[in-house]
Number of protein chains: 2
Amino acid sequence: MAQATGPSRSQPATLSDVARLAGVSIATASKALNGRSQVRAETRQRVIEAAERLSFRPNQVARGLLAGRTGTVGLLTSDLEGRFSIPILMGAEDAFGAGEVAVFLCDARGDAIREQHHVRALLGRRVDGLIVVGSRTDPRPSLGRELPVPVVYAYAPSEDPADLSIVPDSVGAGRIAVEHLLACGRTRIAHITGDPGYLASQERSEGALAALADAGLALVGEPRFGVWSEGWGRAATAMLLDQHPDVDAVLCGSDQIARGVMDVLRERGHRVPEEVAVMGFDNWQVLTSASRPPLTSVDMNLEQVGRAAAHALFTAIAGAQRSGVETLPCRVVIRGSTAPLS
Amino acid sequence: MAQATGPSRSQPATLSDVARLAGVSIATASKALNGRSQVRAETRQRVIEAAERLSFRPNQVARGLLAGRTGTVGLLTSDLEGRFSIPILMGAEDAFGAGEVAVFLCDARGDAIREQHHVRALLGRRVDGLIVVGSRTDPRPSLGRELPVPVVYAYAPSEDPADLSIVPDSVGAGRIAVEHLLACGRTRIAHITGDPGYLASQERSEGALAALADAGLALVGEPRFGVWSEGWGRAATAMLLDQHPDVDAVLCGSDQIARGVMDVLRERGHRVPEEVAVMGFDNWQVLTSASRPPLTSVDMNLEQVGRAAAHALFTAIAGAQRSGVETLPCRVVIRGSTAPLS
DNA sequence: AGCGTCGCAGAAAACCTTTTCGGTTTTGTT
DNA sequence: AACAAAACCGAAAAGGTTTTCTGCGACGCT
């Protein structure tokens, strides 16, 4: 199984190899390949063919050293495991990939020491900028103002207003969720949500209550905070039905909670969506599409957040640094668990 | 909100800055900081203090250019969205992070063209090696033997046996699953699994059948292939109970299927685990811990796969290239859905 | 005193590319 | 044919670091 001899691993061709083969100087070869104008068409052709023959790829390391910009950025996540980082990361990778920028991935695993270590390593590699991705929307400590490269915070905003942060609009998310339920003709809406220590749950509730107030309505009972789990969804629903059997919609703080809610509703014989509409947050595919019926949910557009952060970093690298917290809208994805009251 | 003036963005200190401040030559400064021996202790101290004062970080780009090794690797995933890539990626990132190696993340999104493009870009950046992470365990085309750097395939093995691939032991996974059920005293075991077009489902079944045969038993009915969804789990369970109401265990091809199975079992009044034990595969936390009771599942140790791939790449870069497909064992994580038959 | 040795510091080359600038050839014009 | 202008090519520097090699002073030994 183990064999000592790998493939030949010949060194990649360099520009001077190309120049030698084409019979020109290094300078001319460079100009020919980069489309600079001071090269005769016929010479350029010869160089291009030589480069082709040697399958020459310019050494980006040397180029970076010379230019002072490496065309790389650091993506610093605090928690890869959590499912929120991934779409953001995908969006950022997508936005950069198109622009010929390469992304260093670092996972600090929620540890400030490790984060600091990664920042130093990335700066040593002369990244052109950093994106810091948090695992929740609560503000987090800034990396500091003295960094030699621009930084954009995504999902978790920086505590320092001088930094630029891109976050989903959690208040707006709560608002559009309720507006959708109202549009379905629901008026007796309950709210079961997660850990009150999360800013996300607070803001979503706030938006939901505001939208209800705008419509001259109030929640059925108080918002029920708990934990982000199906178990809590089940327990809270049992209590809710005991106290308010006439509820016609439940707005849940997450898709997990919503699944628990729907399970208990079904077990107790309440039909969804005919009698009770159910909505979740996060639009987590594996949960929304597997539930019965499929779950209407609010999508935070996290890929969009990632793309926007990448774009903002791009312009910051170009010199136009913004600051403050910028929010991006969320969207309702309608599935079978909500429908107009017939 | 937008402000044109960013922070000062002073250029990072260079080695010659340090040398000047310490009153020595660049060469001496380099030697002092790198612990080479040809420097007087007192001089070394002076250089170190100067570096400290300027918060000097050696430019890894320049270092990489000179050394011919950049201390970077490319991590090429075919599908970041899929949940299998992430743990592998975490394991690899973890293994490399400790070794001062930085990871370029590229997501090809299942597109061969994009993959090729990323490979070229990574080679242009002179990565020292590549890890290719697939989204399923079916063999995939090799990147080719002519690459200038070593490559390790993780999860999805390369079709070329000259390449090195690290994959979970799916056959063994099926085997240990059945062995666990047998240890629980179950003898009438059914098998509901996913898409037969996936090698994973075939191999898990194969292992399961082999373990049963070793015990002188056979499956209850044939393996039931379908799709990787809760819906299929529910449908298949309904059929299964109609045909074989005396089943005492169901081995499911994934946690999603298992959840569907358990839902129908509960709805039909079969108690889990007292009457019927249920097992899944993948050990997907959000599903296993939310189900009632919590689901016993086979974990593929994907972080381990990632770490092993990183380690193998490391040794390959050092010159000891292995080849072939190496499998890593899976493990049973026991939760409430399986228990000894009383 | 002369010689070899040792310890320490510095000059310079190397890594690969881009760009500037000077030099040479060609073209066009009279 | 002579000259100006344009077109083309190459030498060299720059970017930051490591390493090798040379040089220099001090020290020990005969």
Side-chain angles (χ1 to χ4, degrees), chain A residues 10-48 50-51 54-72 100 121 123-128 148-149, chain B residues 10-48 50-51 54-72 100 121 123-128 148-149:
Chain A
S10 58
Q11 293 300 322
T14 119
L15 188 57
S16 78
D17 295 332
V18 175
R20 191 165 341 105
L21 181 58
V24 299
S25 75
I26 296 179
T28 303
S30 172
K31 281 179 285 196
L33 293 174
N34 291 321
R36 324 299 277 112
S37 62
Q38 295 172 335
V39 175
R40 192 168 32 174
E42 186 250 355
T43 308
R44 183 187 308 276
Q45 194 53 38
R46 225 169 55 240
V47 172
I48 289 176
L54 300 173
S55 60
F56 167 76
R57 305 243 79 213
N59 185 331
Q60 296 296 133
V61 177
R63 198 191 284 234
L65 179 59
L66 186 60
R69 298 181 314 100
T70 53
T72 61
E100 305 288 278
L123 292 179
R125 294 193 182 278
R126 295 300 187 269
V127 294
D128 296 332
V149 296
Chain B
S10 59
Q11 294 300 322
T14 113
L15 188 56
S16 77
D17 295 333
V18 175
R20 190 165 345 105
L21 181 58
V24 299
S25 75
I26 295 179
T28 303
S30 172
K31 282 180 286 196
L33 294 175
N34 292 320
R36 324 301 276 112
S37 62
Q38 295 173 334
V39 175
R40 191 166 34 169
E42 185 250 355
T43 308
R44 184 189 306 277
Q45 194 53 38
R46 224 168 57 239
V47 173
I48 289 176
L54 299 174
S55 60
F56 167 75
R57 306 243 78 213
N59 184 332
Q60 296 297 131
V61 177
R63 193 189 286 226
L65 179 59
L66 184 59
R69 296 181 315 98
T70 53
T72 61
E100 304 287 277
L123 292 179
R125 295 194 181 277
R126 296 299 187 269
V127 293
D128 297 332
V149 296

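Chain A is the first sequence line, chain B the second, and so forth, proteins listed ahead of strands; every chain is numbered from 1.
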### Query
C:dA9 C1' sits how many Å from B:E42 CD, rounded?
13 Å

### Task
Between C:dA9, D:dT19, D:dT18, spot the one nearest the side chain of B:L66, thanks.
D:dT18

### Task
Using a cut-off of strictly less than 4.0 Å, decide whether B:T14 has a side-chain nitrogen or oxygen near OP1 or OP2 of D:dT17.
yes

#### Entry: Closest listed nucleotide, where the reference is the side chain of A:K31 and the choices are D:dC9, D:dT17, D:dT20
D:dC9

### Query
Starting at CZ of B:R69 and ending at P of D:dT18, how long is that distance when rounded to a whole Å?
12 Å

### Task
Determine: side-chain N/O of B:N59 to OP1/OP2 of D:dG15, distance under 4.0 Å, yes or no.
no

### Message
Need to verify one output field. Residue with the more 5' nearest nucleotide on DNA chain C, B:A27 or B:A62?
### Response
B:A27

### Task
On DNA chain D, check which nucleotide each of B:T28 and B:L65 is closest to and give me the residue with the more 5' one.
B:L65

### Message
Taking 4.0 Å as the cut-off, does a side-chain nitrogen or oxygen of A:T43 come that near to OP1 or OP2 on D:dC9?
### Response
yes

### Whole angstrom value for the distance that separates C1' of C:dC16 from CZ of A:R57
15 Å

### Backbone N/O of A:G71 and side chain of A:D128: donor-acceptor pair under 3.5 Å
yes

### Query
Could you state the interatomic distance from CG (A:L66) to CG (A:N59), rounded to the nearest 0.5 Å?
11.5 Å

### Query
Which nucleotide sits closest to the side chain of A:I26: C:dG10, C:dT17, D:dT17?
C:dT17

### Nearest-0.5 Å distance that lies between atom CD in B:Q60 and atom CG in B:L65
12.5 Å

### Query
What nucleic acid atoms does A:V24 come within less than 4.0 Å of, heavy atoms only: base, sugar-phosphate, or nothing?
sugar-phosphate

### Query
Quick one: is A:S30 getting a side-chain N or O under 4.0 Å of the C:dT18 phosphate, OP1 or OP2?
yes

### Message
Would the distance check show the side chain of B:R44 and the main-chain N or O of B:R36 forming a donor-acceptor pair, the cut-off being under 3.5 Å?
### Response
yes

### Query
Which nucleotide sits closest to the side chain of A:R40: C:dA11, D:dC9, D:dG16?
D:dC9

### Task
Go through C:dC21, D:dA12, D:dT19 for me and flag the one nearest to the A:Q38 side chain.
C:dC21

#### Entry: Whole angstrom value for the distance that separates P of D:dG15 from CG of B:L15
14 Å

### Message
Looking at A:R126, is its backbone amide N or carbonyl O close enough to the side chain of A:T70 to form a donor-acceptor pair, meaning the two atoms are under 3.5 Å apart?
### Response
yes

### Query
Which whole-number value in Å describes the distance from A:R36 CZ to D:dG10 P?
17 Å

### Task
Please report, rounded to the nearest Å, how far the C1' atom of C:dG10 is from the CZ atom of B:R20.
16 Å

## Note on the structure
When rounded to whole Å, the CZ to C1' distance for the pair B:R46 and C:dC8 reads 12 Å

### A:R44 CZ to D:dC9 C1', straight-line distance once rounded to whole Å
13 Å

